[in-house]
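Worksheet: the structure to be examined is printed underneath.
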Amino acid sequence: MENDTKETKIPSQIIFENLKELLRAKNTAHESMFKFHWKKMWPFSLIWPQVDFERIVRLMSEIRKNAIIQKNLVLQAKGVAKDFEKDFLNAVPAYLDALDVSCQKLSNAAQWKQDMLLKRIHKEIKMRRDVAEYNRILREYEKAQGDLVRAGSIVQLGWGKVVQNLNK
């Protein structure tokens with residue numbers, strides 16, 4: 001016997017839930033790479049496995065693919081959306097673009113770290129030049145993160161209008 005009071009979600013709710021999941025996955029990769037943890041310190045780092053940079057690169061690629069899927073979902077949702085959803089749906093593509101760039105830059109940082117691990121194994125490090133390159137990659141990622149936060153605030157404003165109208 002089915003429950004007749006089951007609430008159906010509007011397309012904006014589905015898109016918002018998907019955005020939260022994509023951001024959660026990206027933030028997990030960010031924390032894995034940059035957050036301080038005692039297991040990352042020497043000599044503990046010799047005992048416990050470190051960040052899997054190749055996995056982060058693959059995850060960022062998957063998030064970028066899902067961002068494209070979400071853009072298509074937004075285009076479909078715009079056709080059936082109510083007026084109060086328009087601001088939210090219009091802000092989401094820019095947010096997805098910013099998320100895509102941020103994932104690309106985080107992937108670049110992870111790939112650089114992986115390449116450094118391989119260079120260390122083969123003793124090919126030229127530290128001064130390599131550090132300058134990594135600093136450039138980190139600055140690009142920092143800029144992309146700022147753009148993502150700014151785009152996210154616009155999405156939050158649009159989402160606030162959706163929530164207000166749903167609660168009426």
Side-chain angles (χ1 to χ4, degrees), residues 11-78 88-159:
S12 291
Q13 288 174 306
I14 296 168
I15 291 168
F16 186 72
E17 292 298 320
N18 292 346
L19 291 178
K20 286 191 330 188
E21 290 300 317
L22 290 174
L23 189 61
R24 189 174 296 131
K26 190 227 163 263
N27 286 342
T28 300
H30 170 91
E31 288 181 8
S32 177
M33 274 200 52
F34 298 115
K35 190 173 180 182
F36 173 79
H37 195 281
W38 64 268
K39 288 182 181 177
K40 292 181 182 179
M41 295 176 60
W42 188 90
F44 307 109
S45 62
L46 302 174
I47 301 167
W48 284 282
Q50 293 303 295
V51 178
D52 187 351
F53 300 115
E54 290 175 338
R55 185 175 294 155
I56 290 173
V57 170
R58 284 193 306 271
L59 177 62
M60 293 304 101
S61 174
E62 286 301 314
I63 292 173
R64 293 178 73 202
K65 289 175 191 172
N66 280 303
I68 293 168
I69 293 169
Q70 292 306 306
K71 275 185 168 179
N72 292 331
L73 188 60
V74 168
L75 289 175
Q76 292 172 4
K78 282 183 179 180
F88 171 72
L89 292 174
N90 288 334
V92 169
Y95 179 77
L96 289 169
D97 288 340
L99 180 64
D100 180 46
V101 171
S102 181
C103 287
Q104 179 184 12
K105 301 303 181 185
L106 182 58
S107 179
N108 291 347
Q111 188 62 56
W112 186 90
K113 289 272 204 170
Q114 181 64 35
D115 292 346
M116 281 303 289
L117 286 175
L118 295 175
K119 285 181 181 180
R120 283 187 186 145
I121 291 170
H122 300 297
K123 308 276 191 259
E124 301 171 16
I125 297 178
K126 295 170 187 67
M127 197 53 116
R128 186 169 292 159
R129 185 189 66 198
D130 289 337
V131 170
E133 180 185 357
Y134 188 60
N135 283 338
R136 180 190 54 78
I137 291 169
L138 289 180
R139 281 192 305 275
E140 289 174 358
Y141 176 61
E142 184 179 18
K143 181 189 176 306
Q145 277 298 100
D147 294 344
L148 180 62
V149 169
R150 284 184 285 283
S153 64
I154 295 169
V155 168
Q156 285 291 339
L157 289 173
W159 180 246

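Residue numbers run from 1 in the order of the sequence given.
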Identify all side-chain donor-acceptor contacts of residues 67-78 below 3.5 Å with residues at least two apart in sequence or on another chain.
residue : atom : partner : partner atom : Å
Q70     : OE1  : N18     : ND2          : 3.1
K71     : NZ   : D97     : OD1          : 2.2
K78     : NZ   : N90     : OD1          : 3.2

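- The aromatic ring centroids of Y141 and Y134 lie 6.0 Å or more from each other.
- Counting heavy atoms from C-beta on, the side chains of L99 and K26 come closer than 4.5 Å.
- You'll find the side chain of D115 stays beyond 4.5 Å of the side chain of F53, heavy atoms only.
- In terms of the side-chain contact (heavy atoms from CB on, under 4.5 Å) criterion, residue partners of K143 (sequence neighbours excluded) are, by chain and number, D147.
- By the side-chain contact (heavy atoms from CB on, under 4.5 Å) test, E62 is found to be paired with K65, residues two or more places apart in sequence or in another chain being considered.
- Evaluation of the ring-ring contact (aromatic ring centres under 6.0 Å, His included) rule for F88 yields W159 as partners, not counting sequence neighbours.
- Rounding to the nearest 0.5 Å places CD1 of I154 at 11.5 Å from CD of Q156.
- In plain terms, the two heavy atoms of W112 and V131 that are nearest each other are CZ2-N, 4.4 Å.
- The two residues V155 and A91 make their nearest non-hydrogen contact at CG2-O, 3.7 Å.
- For R136, the side-chain hydrogen bond (donor to acceptor under 3.5 Å, both in side chains) partners two or more places apart in sequence, or in a different chain, are E140.
- Closest of all the heavy-atom pairs between A29 and I56 is O-CD1, 3.9 Å.
- Residues L19 and Y95 are in side-chain contact: their nearest non-hydrogen atoms beyond the backbone lie under 4.5 Å apart.
- Applying the side-chain hydrogen bond (donor to acceptor under 3.5 Å, both in side chains) criterion to E142, with sequence neighbours excluded, gives no partner residue.
- Without hydrogens or angle criteria, T28 side chain to R24 main chain gives a donor-acceptor distance under 3.5 Å.
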Per-pair distances, 0.1 Å, donor-acceptor, side chain in residues 100-109, under 3.5 Å, sequence neighbours excluded:
residue : atom : partner : partner atom : Å
D100    : OD1  : R64     : NE           : 2.5
D100    : OD1  : R64     : NH2          : 3.4
S102    : OG   : Q145    : OE1          : 2.5

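- No side-chain heavy atom of M116 sits under 4.5 Å from any side-chain heavy atom of K113.
- Take R58 and apply the side-chain hydrogen bond (donor to acceptor under 3.5 Å, both in side chains) test, not counting sequence neighbours, and it matches no residue.
- Note that the NE2 atom of H30 and the CE atom of M60 stand 11.0 Å from one another [nearest 0.5 Å].
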